[in-house]
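Each remark here refers to the structure printed beneath this line.
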Amino acid sequence: MRPARRTAGLLLIAWLAMAAPAAAQGMFLDSDRRCYAPHQPIDLTGYGFTPDGEVALIGGGLTLGYGFADYDGIFRAEMRAPALPFPLAELRLTAVDQTYRLNRASTTVRLTSVAVRVGPRDAAPGEPLRIRARGFFDGRVLYAHVRRGERVRNVRIGRLRGACRRLSVTRRLFGADARPGTYRVHFDTVRRY
């Protein structure tokens with residue numbers, strides 16, 4: 001009698017294992033990039049969800065929307081990066097399988113605003129300046145366009161690196177013989193103004 005109980009118990013365990021939802025460790029959520037500027041599209045792809053099942057997308061503690069996985073259990077969504085209360089932030093995005101709510105997959109993306117800081121503020125003309133920049137996603141090299149009246153001087157600042165397209169370099173924006181007056185400095189990723 002004892003072997004029959006043991007066999008029945010093993011069959012019950014095997015049946016329960018087959019009836020259980022897919023393990024969360026087989027689920028995956030990823031974004032097309034690691035860093036975004038406000039309002040840029042974020043493309044998400046998730047794997048391991050219930051085929052043809054509903055999936056909720058949660059970010060920052062809020063439900064951002066719902067979608068459906070395809071017949072292979074692949075979930076795709078596009079959202080816009082939110083506006084930032086801070087210059088740099090991280091956003092954790094979680095896709096929750098609505099058939100088996102304990103099954104979920106998450107990814108974290110960085111958010112950055114476009115920013116340039118130049119210092120020191122009291123630098124003399126011709127003195128090297130520390131330039132820190134981030135968020136220039138539309139090119140690989142940052143340029144400064146120093147303008148006085150109709151005259152423009154284009155200065156190569158440096159190569160942008162990393163997911164958030166950052167740099168930190170020391171460069172001269174003005175020559176030692178710069179005349180007193182009002183100058184406008186514009187930063188972008190275009191070689192000529």
Side-chain angles (χ1 to χ4, degrees), residues 28-46 56-65 76-96 104-193:
F28 183 73
L29 182 67
D30 198 15
S31 58
D32 60 327
R33 295 201 333 249
R34 292 283 153 241
C35 191
Y36 300 87
H39 311 294
Q40 276 189 322
I42 300 174
D43 291 322
L44 298 165
T45 305
L57 183 61
I58 298 169
L62 301 171
T63 301
L64 303 174
R76 288 188 174 84
E78 181 181 291
M79 61 173 283
R80 294 272 172 196
L84 295 174
F86 308 104
L88 287 169
E90 287 193 346
L91 176 63
R92 185 165 180 80
L93 298 167
T94 303
V96 181
R104 52 189 62 213
S106 297
T107 189
T108 301
V109 296
R110 281 183 261 156
L111 306 170
T112 184
S113 58
V114 176
V116 178
R117 288 190 342 200
V118 179
R121 289 182 177 218
D122 58 350
E127 185 177 333
L129 300 167
R130 171 58 88 191
I131 301 168
R132 292 182 180 95
R134 68 172 178 273
F136 287 89
F137 292 104
D138 57 351
R140 295 180 179 212
V141 177
L142 185 69
Y143 294 91
H145 309 287
V146 182
R147 185 174 167 196
R148 182 169 187 243
E150 295 301 313
R151 187 174 172 156
V152 178
R153 184 169 159 253
N154 301 298
V155 180
R156 184 184 193 278
I157 301 300
R159 190 165 186 74
L160 297 158
R161 301 189 186 282
C164 290
R165 313 303 282 169
R166 302 171 109 181
L167 71 69
S168 179
V169 296
T170 302
R171 294 282 183 273
R172 285 185 174 87
L173 292 180
F174 304 96
D177 59 347
R179 294 181 185 176
T182 301
Y183 291 81
R184 292 180 187 260
V185 180
H186 176 82
F187 292 91
D188 62 26
T189 57
V190 180
R191 183 176 292 196
R192 299 200 177 278
Y193 188 69

Atom [atom1] in [X], atom [atom2] in [Y]: separation rounded to 0.5 Å?
X: Asp177; Y: Arg179; atom1: CG; atom2: CZ; result: 9.0 Å
X: Thr170; Y: Ile131; atom1: OG1; atom2: CD1; result: 8.0 Å
X: His186; Y: Asp188; atom1: NE2; atom2: CG; result: 4.0 Å
X: Asp32; Y: Gln40; atom1: CG; atom2: CD; result: 9.0 Å

Can you confirm whether [X] sits close enough to [Y] that some side-chain heavy atom of one is under 4.5 Å from a side-chain heavy atom of the other?
X: Leu160; Y: Val141; value: no
X: Tyr36; Y: Ser31; value: yes
X: Pro120; Y: Glu127; value: yes
X: Val169; Y: Ile157; value: yes

[X] (side chain) donor-acceptor with [Y] (main chain) under 3.5 angstrom:
X: Asp43; Y: Glu78; result: no
X: Arg76; Y: Thr45; result: no
X: Arg153; Y: Leu173; result: yes
X: Arg184; Y: Gly149; result: no
X: Arg80; Y: His39; result: yes

Over all atoms of both residues, closest heavy-atom pair of [X] and [Y]:
X: Leu129; Y: Ala123; result: CD2-CB, 3.4 Å
X: Cys35; Y: Ala163; result: CB-O, 3.3 Å
X: Ser106; Y: Arg92; result: CB-NH2, 3.3 Å
X: Leu93; Y: Leu29; result: O-CD2, 3.6 Å
X: Leu91; Y: Gly60; result: CD1-N, 3.7 Å
X: Val114; Y: Gly135; result: CG2-O, 3.3 Å

**Q.** Within 6.0 Å of CZ in Arg34, more than 12 heavy atoms from elsewhere
**A.** yes
Q) With a cut-off of 6.0 Å (strictly less than), are more than 12 heavy atoms of other residues, nucleotides or ligands near CZ of Arg130? A) yes
**Q.** Test side-chain contact (heavy atoms from CB on, under 4.5 Å) applied to Leu167 and Leu142, step by step
**A.** CA-CA 9 Å; Leu167 71 69; Leu142 185 69; 3.9 Å; yes
Q. Would Arg165 count as a cation-pi partner of Phe136, with NZ or CZ less than 6.0 Å from the six-membered ring centre and within 45° of the ring normal?
A. no
**Q.** Cation-pi check, Arg33 onto Phe137 ring (under 6.0 Å, within 45° of axis)
**A.** yes
Q) Does any donor atom in the side chain of Thr112 or Arg134 lie under 3.5 Å from an acceptor atom in the other side chain? A) yes
Q: Run the numbers on Leu88 and Arg110 for side-chain contact (heavy atoms from CB on, under 4.5 Å), then give the verdict.
A: CA-CA 7 Å; Leu88 287 169; Arg110 281 183 261 156; over 6 Å; no
Q: Please assess Arg148 against Val146 for the test side-chain contact (heavy atoms from CB on, under 4.5 Å), listing each intermediate value before the final yes or no.
A: CA-CA 7 Å; Arg148 182 169 187 243; Val146 182; over 6 Å; no
Q.
As a quick check of understanding, evaluate side-chain contact (heavy atoms from CB on, under 4.5 Å) for Arg161 and Arg140, giving each step before the final call.
A. CA-CA 8 Å; Arg161 301 189 186 282; Arg140 295 180 179 212; over 6 Å; no
Q) Does the separation of the ring centres of Phe187 and Tyr143 fall below 6.0 angstrom? A) no
Q) For the residue pair Tyr193 and His145, does the interplanar ring angle fall in the parallel (under 30°), tilted (30 to 60°) or perpendicular (over 60°) class? A) tilted
